**Q** 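Take this structure first; my questions come after.
Because the structure is predicted, anything quoted here is derived from the model rather than measured. For this chain, numbers begin at 1 and follow the sequence in order.
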Amino acid sequence: MASDHYFSAAPASAENFRTIHVNLAGQDLELTTAGGVFSPDRLDAGTSVLFANMPPLPPGGDFLDLGCGWGPISLTMALSAPHATVWAVDVNERALDLTRRNAAALGLTNVNAVLPDDVPDDVMFRTIRSNPPIRVGKSELHDMLERWIPRLDERSDAWMVVQRNLGSDSLQRWLATTFSPGYSVHRAATGKGYRVLKVRRHGNPPTGPVEVAE
């Protein structure tokens, strides 16, 4: 049906489960996806650009994947930082089910795939890594980021990948205006028509200058 999007809470389309082969965290994996979620047939290009341009993860703490889909970012974080707790957040119940299935298949016990309201209010994040759902619309996207970016821990970063022709530059300007003072925003990388945006929450005293990628 026309209203059935990957950001629908309960997709009406057939599940049509399928198996895909992807490389995450340097491992060749066999994972389960389904219809009604974002990029069910492959690791999408934007997430690949994010993986190629983000720094190593902190060794532990709480991490957030905002808009987890079938789980590539969450699974990568859980594999790379086994002592961390990964919060895989999505409004799509099918996406959450797939992330749980894939985490279980990989023997990962440090992934919590939950609805946004199920993340405890006192959890602060050492990092946010996200391919956010741009197509939900500007107002809803802004509301989402205003909810979650303030939950970055001090001296912690959010890394997001956004397609250039879907408004990455205007989003960067909005982020810089909205999260100020106390934060810094810059374009960390560009590739394959995507921008990787970095939002840094500074501490007290402030952190040093942000290094901008060439």
Side-chain angles (χ1 to χ4, degrees), residues 5-7 37-39 43-58 61-69 71-74 76-77 80 86-92 95 116 119 123-214:
H5 302 287
Y6 65 83
F7 43 84
V37 300
F38 177 64
S39 191
L43 182 68
D44 72 285
T47 300
S48 295
V49 170
L50 179 66
F51 287 159
N53 291 284
M54 66 185 192
L57 291 155
D62 289 284
F63 301 168
L64 173 64
D65 173 9
L66 188 55
C68 65
I73 295 175
S74 294
T76 296
M77 293 197 292
S80 302
V86 178
W87 295 88
V89 171
D90 209 300
V91 298
N92 184 324
V119 180
V123 172
M124 299 291 285
F125 301 106
R126 290 287 291 118
T127 193
I128 298 172
R129 309 283 167 104
S130 178
N131 185 347
I134 296 297
R135 295 181 187 275
V136 297
K138 185 179 294 186
S139 177
E140 196 162 340
L141 176 67
H142 289 179
D143 288 346
M144 183 187 312
L145 296 176
E146 286 181 295
R147 175 178 184 176
W148 294 105
I149 287 179
R151 293 180 65 172
L152 276 172
D153 236 337
E154 288 192 347
R155 301 178 180 84
S156 299
D157 306 314
W159 294 80
M160 294 174 286
V161 64
V162 182
Q163 196 166 352
R164 181 182 57 79
N165 63 9
L166 291 181
S168 62
D169 294 345
S170 62
L171 179 62
Q172 180 180 347
R173 291 190 293 271
W174 177 84
L175 288 166
T177 300
T178 303
F179 297 101
S180 178
Y183 297 81
S184 57
V185 179
H186 79 280
R187 184 191 304 163
T190 300
K192 299 180 181 178
Y194 291 85
R195 313 287 205 210
V196 177
L197 305 179
K198 176 184 176 182
V199 181
R200 173 78 168 175
R201 182 178 183 183
H202 299 288
N204 189 16
T207 49
V210 174
E211 295 182 6
V212 179
E214 293 297 330

**Q** Check whether any side-chain heavy atom of W148 lies under 4.5 Å from a side-chain heavy atom of S130, and answer yes or no.
**A** no
**Q** List the atom of D90, the atom of G69, and the distance in Å for their closest heavy-atom pair.
**A** OD2-N, 2.9 Å
**Q** Do V199 and L145 pass the side-chain contact (heavy atoms from CB on, under 4.5 Å) test, and can you show the C-alpha distance, the side-chain angles, and the key distance before you say yes or no?
**A** CA-CA 11 Å; V199 181; L145 296 176; over 6 Å; no
**Q** Please tabulate, for side-chain N and O atoms in residues 172-179, each donor-acceptor pair with protein atoms closer than 3.5 Å (sequence neighbours left out).
**A**
unit_1 : atom_1 : unit_2 : atom_2 : d
W174   : NE1    : H142   : ND1    : 3.3
W174   : NE1    : T178   : OG1    : 3.2
T177   : OG1    : R173   : O      : 3.0
T178   : OG1    : W174   : O      : 2.8

**Q** Specify the closest pair of heavy atoms between M160 and I149, including all atoms of both residues, with the distance to one decimal.
**A** CE-CD1, 4.3 Å
**Q** Between D65 (side chain only) and A88 (backbone N and O only), is there a donor and an acceptor less than 3.5 Å apart?
**A** no
**Q** Supply the atom-to-atom distance L166 CG to I134 CD1, rounded to the nearest 0.5 angstrom.
**A** 7.0 Å
**Q** To check you understand the geometry: which heavy-atom pair defines the closest contact between L197 and S168, and what is its length?
**A** CD1-O, 3.9 Å
**Q** Using modelled atom types only, decide if a donor and an acceptor are shared between the side chain of R187 and the backbone of V196 within a distance under 3.5 Å.
**A** no
**Q** Using the salt bridge (charged side-chain N to carboxylate O under 4.0 Å, His left out) criterion, which residues pair with R195? Sequence neighbours excluded.
**A** D169
**Q** Could you list all the salt bridge (charged side-chain N to carboxylate O under 4.0 Å, His left out) pairs where at least one residue sits in residues 174-184, not counting sequence neighbours?
**A** none
**Q** If I take atom CE from residue M77 and atom OG1 from residue T127, how far apart are they, to the nearest 0.5 angstrom?
**A** 7.0 Å
**Q** Work out which heavy atom in S80 is nearest to a heavy atom in L57; give both atom names and the distance.
**A** CB-CD1, 3.7 Å
**Q** Taking side-chain contact (heavy atoms from CB on, under 4.5 Å) as the definition, give me every residue that meets it alongside D157, ordered by chain and number, with sequence neighbours left out.
**A** W159, K198, R200
**Q** Compare every heavy atom of L152 with every heavy atom of A158, then report the nearest pair and how far apart it is.
**A** N-CD1, 3.8 Å
**Q** Check residues 48-55 and write down every donor-acceptor pair under 3.5 Å in which the side-chain atom is one partner and the other belongs to a residue at least two apart or another chain.
**A**
unit_1 : atom_1 : unit_2 : atom_2 : d
S48    : OG     : D44    : O      : 3.3
N53    : ND2    : V49    : O      : 2.8

**Q** Which pair of heavy atoms, one from M124 and one from D62, lies closest together, and at what distance?
**A** O-CB, 3.5 Å
**Q** Applying side-chain hydrogen bond (donor to acceptor under 3.5 Å, both in side chains), name anything that partners R147, two or more places apart in sequence or on another chain.
**A** D117
**Q** I'd like to know whether CD of E146 has more than 12 heavy-atom contacts from other residues, nucleotides or ligands below 6.0 angstrom.
**A** yes
**Q** Quick one: CD1 on I128 to CD1 on I73, what's the gap to the nearest 0.5 Å?
**A** 12.0 Å
**Q** Using side-chain hydrogen bond (donor to acceptor under 3.5 Å, both in side chains) as the criterion, list what pairs up with R126, not counting sequence neighbours.
**A** S156
**Q** State, yes or no, whether a side-chain contact exists between F63 and S74 at a heavy-atom distance under 4.5 Å.
**A** no
**Q** What do the steps show when you test F125 against V119 for side-chain contact (heavy atoms from CB on, under 4.5 Å), and what is the final call?
**A** CA-CA 11 Å; F125 301 106; V119 180; 4.0 Å; yes
**Q** Going through the distances and angles, do Y194 and V162 end up as a side-chain contact (heavy atoms from CB on, under 4.5 Å)?
**A** CA-CA 6 Å; Y194 291 85; V162 182; over 6 Å; no
**Q** Is the shortest heavy-atom distance from the side chain of V86 to the side chain of L64 under 4.5 Å?
**A** no
**Q** Side chains of C68 and V89: does their closest heavy-atom pair fall under 4.5 Å?
**A** no
**Q** According to salt bridge (charged side-chain N to carboxylate O under 4.0 Å, His left out), who are the partners of D143, at least two apart in sequence or on a separate chain?
**A** none
